[in-house]
Amino acid sequence: MNGDPIQNLLNRICQQSDFATKHDAFVAETLECGGSYQAQAGNTFMIDLHGIRVLANSEANAHELWLRAANIQMRRLGGAA
């Protein structure tokens, strides 16, 4: 895909997608592009991908936080153009 890697991933993950779909997309993106997708000490989970890093109390919450932060980032970039 061409374009911004954050937008490309957002295009592949719907906010309403089930956990397994989001998990698979994040794992594939991390393997293809680098970054981190991993459990942390103390029952927390981190996603660090394309310059967006989130830390949450569960993997599902990390998905939601990353997607929210990515959408905000893309709106900011769109507004700056």
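The closest donor-acceptor contact from the side chain of W66 to the backbone of R53 lies at 3.5 Å or more, if one exists at all. Side-chain atoms of S17 do not come within 3.5 Å of backbone N or O of I13 as any donor-acceptor pair. Between the side chain of N61 and the main chain of N57, no donor-acceptor pair closer than 3.5 Å is present.
Contact check for Y37 versus L49: no side-chain heavy atoms found under the 4.5 Å cut-off. Between V54 and E64 there is no side-chain heavy-atom pair separated by less than 4.5 Å. Between R68 and N71 the shortest side-chain heavy-atom distance does not fall below 4.5 Å.
Under the 4.5 Å side-chain contact rule for hydrophobic residues, I6 and L31 share a cluster. Linking Ile, Leu, Val, Met, Phe, Trp and Tyr residues whenever their side-chain heavy atoms come within less than 4.5 Å leaves L9 and I72 in two separate clusters.
The minimum heavy-atom distance linking A70 with I52 is given by the pair CA-CD1, 3.5 Å. Nearest heavy-atom pair across A62 and A56 is N-CB, 3.4 Å.
For H63 and F45, the distance between ring centers is not under 6.0 angstrom.
Put simply, CD on E59 and OG1 on T44 are 12.0 Å apart, with the number rounded to the nearest 0.5 Å. Atom OG of S36 sits about 13.0 Å away from atom CZ of F26, to the nearest 0.5 Å. Atom OG1 of T30 sits about 7.5 Å away from atom CD1 of I47, to the nearest 0.5 Å. Atoms NZ and CG, on K22 and L67 in that order, are 6.0 Å from each other to the nearest 0.5 Å.
At a cut-off of 3.5 Å, with distance as the only test, a side-chain donor of E29 or H50 sits close to an acceptor on the other residue. T21 and D18 share a donor-acceptor pair across their side chains, judged by distance under 3.5 Å alone.
Taking a 6.0 Å sphere around CG of N43, one finds it holds 12 or fewer heavy atoms contributed by other residues, nucleotides or ligands.
Cluster partners of M46 are L55, counting Ile, Leu, Val, Met, Phe, Trp and Tyr whose side-chain heavy atoms approach within less than 4.5 Å, directly or via other members.
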